[in-house]
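Structure first, then comments.
Numbering starts at 1 and runs along the sequence shown.
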Amino acid sequence: MTLAPMTPLAAMPSPSTAVWQLGPFPIRAYALCIIAGIAVACVVTEYRLRRRGVAPGAVLDIAVWAVPAGIVGARIYHVITSPEKYFGAGGEPIKALYIWEGGLGIWGAVAGGAVGAWLAARQLGIPLTVVADALAPGMPLAQAIGRLGNWFNNELYGGRTTLPWGLEVHVMDPDNPGHALRDDAGNPVLQPGLYHPTFLYELLWNVGVAALVLILDRRLRLGRGRAFALYVMGYTAGRFWIELMRTDEANHILGVRLNVWTAALVFLGALVYFVRVRGPREYLVPVGEPAAPVAPAGDVSQVDLSAGEAGARPVAPEGYRVVTEDQFRAYRETGALPPTEPAATDDADRAASGDDADRAVTDDDADRAVTDDDTDRPDRAATDGPDDASADRAGAGDDPAGADHTDGTDRADAGRADAGGRPTDRDS
């Protein structure tokens, strides 16, 4: 009996070069992949922001802040979680700034990018949750493209395997970064055996996460940052099991890779947010009408007519306010901004209530005044002379029997009452 050979019949090759020289400038495949991923994320986010009411070009204003902050955050996370490479024995602290030599952590990239996006969103008047939900499917696509850079660098692979898609890994030349070590015949040197292409597993997983976010967001109309939370849950769930397969150097806590713990904690945080936060998808309309484009001055013959035919470029508004989906659709169809909720309604109601209370107090005072007058009358009647008391009785209509009334007019005047039901002033 002949045993089958253990040599695999198929394998996935790896590039032997990850850096190309353009004159004195090195062109790194990893950097190109990151730039391509950022571009794809910007295109997806721009499209989704426009569908939510944001003016064209806003994603560029956001990227100016978010991308640099994300790169800085990614580098800080890498240095904090791997300090021995820079501050340990034999480490060089200055190399913590050598970002071109690799070493970026996705957790720090998301955190730093979120800070940059928040600063940009505040300037544009856009809620951060709207930006996050628009970015949700573009972010995993950017990560998927960025993982191709790990393939060029021959890094982030897993354990040995005999699967048909096992990865060939080159031994990289430490004296010539970005290039494989070569033998005497000039052939690149390979690591023995094949390895799990964990970078490919994560790439495919991220594409699936982007599809999941798009499908559920369309069906559930996710809002208030829940689409972004869904992306975070999807990504960390995959990163958890893929991280367990990796064999590259990493710090461990209780025998488990640090990024495994990070993935689990971030997943739980995103899950809590997704379950607790509720609300419909947010749509935006400008605060006031955006300023009209300024017509070019000068002779008419110098005006670019093609620009006018293509339509005037919309000008970004000063800010936005959140409206319902029905209000947003009506605004798109008619161009009329939906009415704002009167913020002073409650104050007006309270003011009205206060006026009523004042009037009520005034009426109470008037009643008390009437009561006091009625109370004072007996005192005055007691102190007045007999003639006044008789006049009071006459004014009240108390006409004793046998009284000689010679002046009927006086009796009528004395018996008349004012509009308040009280007798008229006797002194008058």
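Under the 4.5 Å side-chain criterion, counting only non-hydrogen atoms from C-beta, F328 is in contact with R332. Taking 4.5 Å as the limit, every side-chain heavy atom of L167 sits out of range of all side-chain heavy atoms of L194. In this structure, V130 and Y283 have side chains that are not in contact, with every pair of non-hydrogen atoms separated by 4.5 Å or more. Side-chain contact between V260 and L244: present, with at least one pair of heavy atoms (C-beta onward) separated by less than 4.5 Å. Between Y47 and R51 there is a side-chain heavy-atom pair separated by less than 4.5 Å. Looking at heavy atoms from C-beta onward, M12 lies in side-chain contact with L200 at the 4.5 angstrom threshold. Here the side chains of P56 and R50 are in contact, with some heavy-atom distance below 4.5 Å. Considering only heavy atoms from C-beta on, E92 stays 4.5 Å or farther from F87 through its side chain.
A donor-acceptor pair is defined here as one N or O able to donate and one able to accept, closer than 3.5 Å; such a pair exists between the side chain of R52 and the backbone of R48. Judged by distance alone, with hydrogens and angles left aside, the side-chain atoms of D133 form a donor-acceptor pair with the main-chain N or O of F228 at under 3.5 Å. Without hydrogens or angle criteria, E46 side chain to G57 main chain gives a donor-acceptor distance under 3.5 Å. Without hydrogens or angle criteria, N154 side chain to P15 main chain gives a donor-acceptor distance under 3.5 Å. Of the possible polar contacts, one joining the W205 side chain to the G234 backbone as a donor-acceptor pair under 3.5 Å is found. Between the side chain of S82 and the main chain of V79, no donor-acceptor pair closer than 3.5 Å is present. D183 contributes a side-chain N or O that, together with a main-chain N or O of G186, makes up a donor-acceptor pair within less than 3.5 Å. The closest donor-acceptor contact from the side chain of R224 to the backbone of R278 lies under 3.5 Å. A donor-acceptor pair under 3.5 Å is absent between the side-chain atoms of T17 and the main chain of V19, judged by distance alone. A donor-acceptor pair is defined here as one N or O able to donate and one able to accept, closer than 3.5 Å; no such pair exists between the side chain of H170 and the backbone of E168.
Taking each heavy atom of P68 and A63 in turn, the nearest pair found is CD-O, 3.6 Å. Across all non-hydrogen atoms, the minimal contact from C42 to V59 is O-CG2, 3.7 Å. Minimum heavy-atom separation, A142 to G37: CB-O, 3.2 Å. Nearest heavy-atom pair across W261 and I253 is NE1-O, 2.8 Å. When all heavy atoms of C33 and G149 are compared, the pair lying nearest together is SG-N, 3.5 Å. Residues G166 and T161 share a closest heavy-atom pair of CA-CG2, 3.9 Å.
Remark: L204 CG to I242 CD1 distance equals 9.0 Å, nearest 0.5 Å. The distance from atom CG of N187 to atom CG of L181, rounded to the nearest 0.5 Å, is 11.5 Å. For the atom pair CE (M139) and CG (L141), the distance works out to 11.0 Å, reported to the nearest 0.5 Å. With rounding to the nearest 0.5 angstrom, the CD1 atom of I126 is 6.0 Å from the CG atom of L49. We find the CD1-OG1 distance between I38 and T45 to be 11.5 Å, quoted to the nearest 0.5 Å. Atom CG of L284 is separated from atom CZ of R321 by 10.5 Å, given to the nearest 0.5 angstrom.
Side chain to side chain, Y320 and E282 fail the donor-acceptor criterion of an N or O pair below 3.5 Å.
Taking the six-membered ring where tryptophan is involved, the planes of Y157 and Y195 are tilted, since the angle between them lies from 30° to 60°.
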**OP:** Run the numbers on H196 and L163 for side chain to side chain contact (heavy atoms under 4.5 Å, CB included), then give the verdict.
**Re:** CA-CA 8 Å; H196 279 286; L163 293 172; 3.7 Å; yes
*side chain to side chain contact (heavy atoms under 4.5 Å, CB included) between R246 and L156: does it pass, once the steps are laid out?*
CA-CA 6 Å; R246 286 170 49 173; L156 304 189; 3.0 Å; yes
Would D326 and Y331 satisfy side chain to side chain contact (heavy atoms under 4.5 Å, CB included), going step by step from the backbone distance to the final call? CA-CA 9 Å; D326 292 338; Y331 167 69; over 6 Å; no
Step by step, work out the side chain to side chain contact (heavy atoms under 4.5 Å, CB included) result for L216 and L230. CA-CA 9 Å; L216 292 184; L230 179 62; 3.7 Å; yes
Quiz prompt | Pair Y235-E202, side-chain hydrogen bond (donor to acceptor under 3.5 Å, both in side chains): steps then yes or no | solution = CA-CA 9 Å; Y235 171 73; E202 187 171 333; 3.1 Å; yes
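Ion pairing between a basic and an acidic side chain is recognised when a charged N comes within 4.0 Å of a carboxylate O; D248 and R257 show such pairing. A salt bridge between D173 and R182 is absent, with no side-chain N of the basic residue lying under 4.0 Å from a carboxylate O of the acidic one. A salt bridge links D217 with R281: at least one charged nitrogen is closer than 4.0 Å to a carboxylate oxygen. The pair E333-R329 fails the salt-bridge criterion, with no side-chain N (NZ, NE, NH1 or NH2) lying under 4.0 Å from an Asp/Glu carboxylate O.
Within 6.0 Å of CD in Q21 there are more than 12 heavy atoms belonging to other residues, nucleotides or ligands.
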Return all side-chain donor-acceptor pairs below 3.5 angstrom for residues 104-122, not counting sequence neighbours, or 'none' if the list is empty.
residue	atom	partner	partner atom	Å
W107	NE1	N259	OD1	3.2

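Relative to the ring axis of F199, R147 does not place its NZ or CZ within 45° and under 6.0 Å from the centre.
The only option from N206, L212, V213 that meets the side chain to side chain contact (heavy atoms under 4.5 Å, CB included) definition with Y231 turns out to be V213.
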